[in-house]
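Below, all heavy atoms of this structure are taken into account, side chains as well, without hydrogens, waters or symmetry copies.
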Amino acid sequence: MRILCVDDEEMMLQMLEMSVREARPEAEVIGYEDADDLLADAEKNSCDIAFLDIHMRGMNGVEVAKRLKQINPKMNIIFVTGFSEYTGEAMKLHASGYIMKPVTKEKVEEELSDLRFPIVPKKDAVLRIQCFGNFDVFTPDGEHVHFERSRSKEILAYLVHRHGSSCTTKELAAVLFEDAPYDKKQQNHIQILIHSMIKNLKQIGAEAAVVRGFNALSVNVDVLDCDYYRFAELDAGAVNAYQNEYMSQYYWAEFF
């Protein structure tokens, strides 16, 4: 679990970080005095929960929350404030909670126990897959997975989209390169992309995510923690997270 905190007052940030670490000692907790630094971290590495001071110089907590929701619609936002009344704009963001300063371990625990989007990692999952918004892939502890070839990542996206159903290299070619003829050169190119995808998954110990057969490829849905799959199971968090955007960077996903 990754938790990010931001407060432009150093002492308040230290108090916030300490309280969160005491409440969740197993979590990775990172604090920032600058909201831009927090946003850069969230965009690169994602996070599950963000504690945001509402009243900061420059970009305030509400503006930061809007940016974070663009990165991950199901990110849990908890506002921290020294004021007894919250702004209407902050309320419209449907935050997971609010904490009045001074922050304490007990206040943090109370909010973490009742998150809007509960964090329940799927048992034995080797990958965490994000389909809502842009397609992206993370390790179970939230580390961003790098693919050497963007088309290799797209192959994994399409396999996830098929929800465990297998497809052939010819079918993959038709999706990735719909206007190109399927000849020996194209077949070899697809095989290179598949090999690159498998290699990148092996590097993080997630090769079990893909099942290979004779001219057939699929994902093992049992080892994926995926918002799209949770949505299909009517998981409340996934249903609330869906904002009419699904694998937005891929044209073939427009028909979802």
**Report entry** From CA spacing to verdict: side-chain contact (heavy atoms from CB on, under 4.5 Å), L16, M12
**Finding:** CA-CA 6 Å; L16 175 58; M12 293 295 100; over 6 Å; no
Working note: K101 + D7, criterion side-chain contact (heavy atoms from CB on, under 4.5 Å); need CA distance, chi angles, decisive distance, verdict.
CA-CA 12 Å; K101 294 180 179 179; D7 195 312; 3.1 Å; yes
Can D141 and R2 be said to form a salt bridge (Lys or Arg N to Asp or Glu O under 4.0 Å), step by step?
CA-CA 7 Å; D141 58 3; R2 296 189 82 243; over 6 Å; no
Pair E110, K107 - check salt bridge (Lys or Arg N to Asp or Glu O under 4.0 Å), show working.
CA-CA 5 Å; E110 182 177 356; K107 291 179 181 178; over 6 Å; no
With side-chain contact (heavy atoms from CB on, under 4.5 Å) as the criterion, how do L176 and I155 come out once you've worked through the C-alpha distance, each side chain's angles and the decisive distance to 0.1 Å? CA-CA 8 Å; L176 270 63; I155 287 176; 3.7 Å; yes
* To do: Might you work through the ring-ring contact (aromatic ring centres under 6.0 Å, His included) test for Y228 and F132, ending with a clear yes or no?
  => CA-CA 7 Å; Y228 166 40; F132 297 159; 7.2 Å; no
### Stepwise side-chain contact (heavy atoms from CB on, under 4.5 Å) check, V29 with R24
CA-CA 9 Å; V29 182; R24 288 294 184 274; 5.8 Å; no
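Looking at heavy atoms from C-beta onward, V108 lies in side-chain contact with F51 at the 4.5 angstrom threshold. Annotation: side chain of C131 is in contact with side chain of C226 (closest heavy-atom distance under 4.5 Å). Contact check for D225 versus P140: no side-chain heavy atoms found under the 4.5 Å cut-off. Contact annotation: the side chain of M100 approaches that of T81 to within less than 4.5 Å [non-hydrogen atoms, C-beta and beyond]. Side-chain contact between D41 and C47 is absent, with no heavy atoms from C-beta onward closer than 4.5 Å. Contact check for Y158 versus L172: side-chain heavy atoms found under the 4.5 Å cut-off. Contact check for D53 versus V6: no side-chain heavy atoms found under the 4.5 Å cut-off. W252 is listed as a side-chain neighbour of E154, based on a closest heavy-atom distance under 4.5 Å.
To the nearest 0.5 angstrom, I194 atom CD1 is 11.0 Å from H189 atom NE2. Note that CD of Q70 and CG of L39 are 9.5 Å apart. Values are rounded to the nearest 0.5 Å. One finds the CG atom of N200 at 11.0 Å from the NZ atom of K153 (value rounded to the nearest 0.5 Å). Expressed to the nearest 0.5 Å, how far CG of N72 lies from CD1 of I77 amounts to 9.0 Å. Considering CD of E9 and CG of L13, their distance stands at 10.0 Å, rounded to 0.5 Å.
Of all the heavy atoms in L159 and Y229, the pair that sits closest is O-OH, 4.3 Å. Minimum interatomic distance between E28 and I30 (heavy atoms only, all atoms of both residues): OE2-CD1, 3.4 Å. Across D36 and D34, no two heavy atoms sit closer than the pair N-OD1, 2.7 Å. Between Q249 and F135, the closest heavy-atom pair is OE1-N, 2.9 Å. The two atoms that bring S248 and N134 nearest to each other are CB-OD1, 3.4 Å, heavy atoms only. Scanning both residues, E22 and P25, for their nearest heavy atoms gives O-CD, 3.7 Å.
Look at E63 and R67 and you find no salt bridge, because none of the NZ, NE, NH1 or NH2 atoms lies under 4.0 Å from a carboxylate O. A salt bridge links D8 with R57: the distance from a Lys NZ or Arg NE/NH1/NH2 to an Asp or Glu carboxylate oxygen falls below 4.0 Å. Comment: R128 does not engage D227 in a salt bridge, judged by the lack of any side-chain N to carboxylate O separation of less than 4.0 angstrom. Electrostatic pairing of E148 and K199 counts as a salt bridge here, judged by a charged N lying under 4.0 Å from a carboxylate O.
Clustering ILVMFWY residues whenever any of their side-chain heavy atoms sit less than 4.5 angstrom apart, transitively, puts M197 in a cluster other than the one holding F138. V20 and M18 end up in different hydrophobic clusters when Ile, Leu, Val, Met, Phe, Trp and Tyr side chains are linked at under 4.5 Å. No continuous path of ILVMFWY side-chain contacts below 4.5 Å connects V223 to V211, so the two sit in separate hydrophobic clusters. The same ILVMFWY cluster, assembled from side-chain heavy atoms under 4.5 Å apart, contains both I204 and V210. Both V219 and F147 sit in one connected hydrophobic cluster of ILVMFWY residues. Membership requires side-chain heavy atoms under 4.5 Å apart, directly or through other members.
Defined by atom type and a distance below 3.5 Å, a donor-acceptor pair is present between the side-chain atoms of N215 and T169. A donor atom on one side chain and an acceptor atom on the other are not found under 3.5 Å apart for H161 and Y250. Under 3.5 Å, the side chains of H144 and D136 contain a donor-acceptor pair of N or O atoms.
Counting non-hydrogen atoms of neighbouring residues, nucleotides and ligands closer than 6.0 angstrom, the NE2 atom of H195 reaches no more than 12 such neighbours.
Not one N or O on the side chain of E10 forms a donor-acceptor pair closer than 3.5 Å with the backbone of E33. For the pair R162 (side chain) and S166 (backbone), a donor-acceptor distance under 3.5 Å is present. Remark: side-chain polar atoms of S19 are paired, donor with acceptor, to backbone N or O of M15 under 3.5 angstrom. The closest donor-acceptor contact from the side chain of E171 to the backbone of T168 lies under 3.5 Å. The closest donor-acceptor contact from the side chain of K69 to the backbone of M75 lies under 3.5 Å. In terms of modelled atom types and a separation under 3.5 Å, the side chain of S152 and the main chain of S196 share no donor-acceptor contact.
Results of the side-chain contact (heavy atoms from CB on, under 4.5 Å) test with V145 over I129, L127, L156 single out L127 as the only residue that passes.
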